There are 2 protein chains.
Amino acid sequence: MIQIEMLEKYDAVRRLYKKSEIIFEKDNFATHYYQIISGTVKMNNFNDEGREFVQGFFYEKQCFGEPPLFLERTYPANAEAVEDSELICVSKANFLKLIAENPAVSIIMIENLARRLHYKSVMAAEISTQDAEHRLLQLFDYSIAYFNFKKEQEGFHIDLTRQKMGDLTGLRVETVIRAIKTLEKKGELKIVNRKVYR
Amino acid sequence: MIQIEMLEKYDAVRRLYKKSEIIFEKDNFATHYYQIISGTVKMNNFNDEGREFVQGFFYEKQCFGEPPLFLERTYPANAEAVEDSELICVSKANFLKLIAENPAVSIIMIENLARRLHYKSVMAAEISTQDAEHRLLQLFDYSIAYFNFKKEQEGFHIDLTRQKMGDLTGLRVETVIRAIKTLEKKGELKIVNRKVYR
DNA sequence: GCATCATTATGATGTAGGTCATAAAATATT
DNA sequence: AATATTTTATGACCTACATCATAATGATGC
């Protein structure tokens, strides 16, 4: 999102996080801006029974967890490294200074927040009123547009495990497995070698 | 959000919308920035069976539907006047010009988007993994902080009909009615004269 | 090359919340 | 004041998805 050179002018610090390491936790106050240099990060919530819901996955060059920096609020979810990852972070004060001093960055930040809000609006409507199959198709079509899924012979390869699909749609693995099989029969997608193509 | 005088410098136009009138529809391209002078607006989606999901209610001085203006995307939901309302709107081109020329407005826009993204993150996790009672309590607590609900003797008056509570949480009216009665028994809220207090 | 763990898979059973029907109370409209 | 509409309410029944059990397949590590 933001140029690394720019972040470095505001005393950015690099740090390595190991797979499964927690970056920040729900209900804590936001103290830093985080951007991914390499690796993958997910933001998630757990309900009272320990069931996980994934707010989203974040990849190289993307930032995450900024909203609370702009509000007097805590994080709405946890952030965890999905694989070994290198992050670059800037303190809240420096980050707000960076934004204030660089209007061009504000615009980037607006576009970024707008994109995420758009995704959440679409998925919120799906999750609350649509059935399992519909939710999954929506997730796939959205993921194709947002993540860097590759077009192969069979179509776009939806590079997510059944479990992750469930975590992103609020469904259980078994339901996902059954739903995508039905969708295959209906011709909405293809399953080749256990991989899902749309 | 944005000062009316500022909007007028960019050729803002005022317009009255009658109760139930549609302001814009899902899947259309965004052409204007909208801000409420008076009245109430809701953004909603309908699933295949015509069931409604309310993305949010918007009141005086608030704006809505900006994300697609910053992206090359269509609206993720419809916007409808809940009561007779007066809106002020600015064309997309003028709005982007306004943002570019007024860095202070960018910051306001960032805070605004951040707040809505925060709300959606909290509700997404609730809706996808938590039970009816939990979802409703979360909605109430969030609404108290965001909307202008008043503190009365019995507590904060949750000024939403059962139907609206359902539309915002993806639950049916009957489920809402039953859940809030159980919550009253559990002492989580009070119901006096059919009004809900928390 | 074997052990461990993650992922995909399938069947049986359970349950929260949806659906449908019906009605009383409150509010809006004429 | 009479009528229509909306909101709150309750009971009976139904269904989509969750849960639990069990296993085969594939990936990762030592």
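The figures here come from the full heavy-atom set of this structure, side chains too, leaving out hydrogens, waters and symmetry mates. This one's a predicted model, so the numbers in the text were calculated from it and none came from an experiment.
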May I have the distance from [X] (atom [atom1]) to [N] (atom [atom2]), rounded to whole angstrom?
{"X": "A:E126", "N": "D:dC17", "atom1": "CD", "atom2": "C1'", "value": "16 Å"}
{"X": "A:Q130", "N": "C:dG18", "atom1": "CD", "atom2": "P", "value": "14 Å"}
{"X": "B:K19", "N": "C:dT29", "atom1": "NZ", "atom2": "C1'", "value": "11 Å"}
{"X": "B:D84", "N": "C:dT29", "atom1": "CG", "atom2": "C1'", "value": "15 Å"}
{"X": "B:Q163", "N": "C:dG18", "atom1": "CD", "atom2": "C1'", "value": "13 Å"}
{"X": "B:I127", "N": "C:dG18", "atom1": "CD1", "atom2": "P", "value": "11 Å"}
{"X": "A:K185", "N": "C:dA9", "atom1": "NZ", "atom2": "P", "value": "12 Å"}
{"X": "B:E133", "N": "C:dA16", "atom1": "CD", "atom2": "P", "value": "10 Å"}

Per [X] side chain, nearest of listed nucleotides [options]:
{"X": "A:T161", "options": "D:dT7, C:dA9, C:dT7", "value": "C:dT7"}
{"X": "B:E174", "options": "D:dC20, D:dA18, C:dT19", "value": "C:dT19"}
{"X": "A:K181", "options": "C:dA9, C:dG17, D:dT8", "value": "C:dA9"}
{"X": "A:I177", "options": "D:dA18, C:dA9, D:dC17", "value": "C:dA9"}

Taking only side-chain N and O atoms of [X], does any of them lie within less than 4.0 angstrom of OP1 or OP2 on [N]?
{"X": "A:K164", "N": "C:dT7", "value": "no"}
{"X": "A:K195", "N": "C:dT8", "value": "no"}
{"X": "B:R162", "N": "D:dA9", "value": "yes"}
{"X": "B:R178", "N": "D:dT10", "value": "no"}
{"X": "B:R51", "N": "C:dG18", "value": "yes"}
{"X": "B:R194", "N": "D:dT7", "value": "no"}

Regarding B:G170, tell me which of base, sugar-phosphate or nothing describes its non-hydrogen contacts under 4.0 Å with the strands shown.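 Sugar-phosphate contact only - B:G170 comes under 4.0 Å of backbone atoms but never of a base.
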Kindly indicate whether a cation-pi arrangement holds for B:K164 with B:F57, taking the cut-offs as under 6.0 Å to the six-membered ring centre and within 45° of the axis.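 Cation-pi check for B:K164 and B:F57: passes.
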Between A:R73 and B:Y142, is NZ or CZ placed under 6.0 angstrom from the six-membered ring centre and within 45° of the ring axis?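 Judged by the rule (NZ or CZ under 6.0 Å from the ring centre, within 45° of its axis), A:R73 counts as positioned above B:Y142.
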Ring geometry between B:F24 and B:Y34 (parallel below 30°, tilted from 30 to 60°, perpendicular above 60°):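 B:Y34 and B:F24: tilted rings.
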Position toward the 5' end of DNA chain C (nearest nucleotide), A:S128 or A:V173: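 The residue mapped nearer the 5' terminus is A:V173.
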Residue mapping more 5' on DNA chain C - nearest nucleotide basis, B:N193 or B:T175: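 This one resolves to B:T175.
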Going through the checks in order, is the side chain to side chain contact (heavy atoms under 4.5 Å, CB included) test met by A:N78 and A:M43? CA-CA 5 Å; A:N78 315 292; A:M43 285 195 64; over 6 Å; no
Would you state whether a donor and an acceptor, one from the side chain of B:R135 and one from the base of C:dG17, lie under 3.5 Å apart?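 There is none.
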B:D48 vs A:D131 side-chain heavy atoms within contact, under 4.5 Å: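 B:D48 vs A:D131: side chains apart.
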Run the salt-bridge test on A:E66 and A:R116 with the 4.0 Å N-O cut-off and return the result as yes or no.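 Salt bridge between A:E66 and A:R116, a charged N being under 4.0 Å from a carboxylate O: yes.
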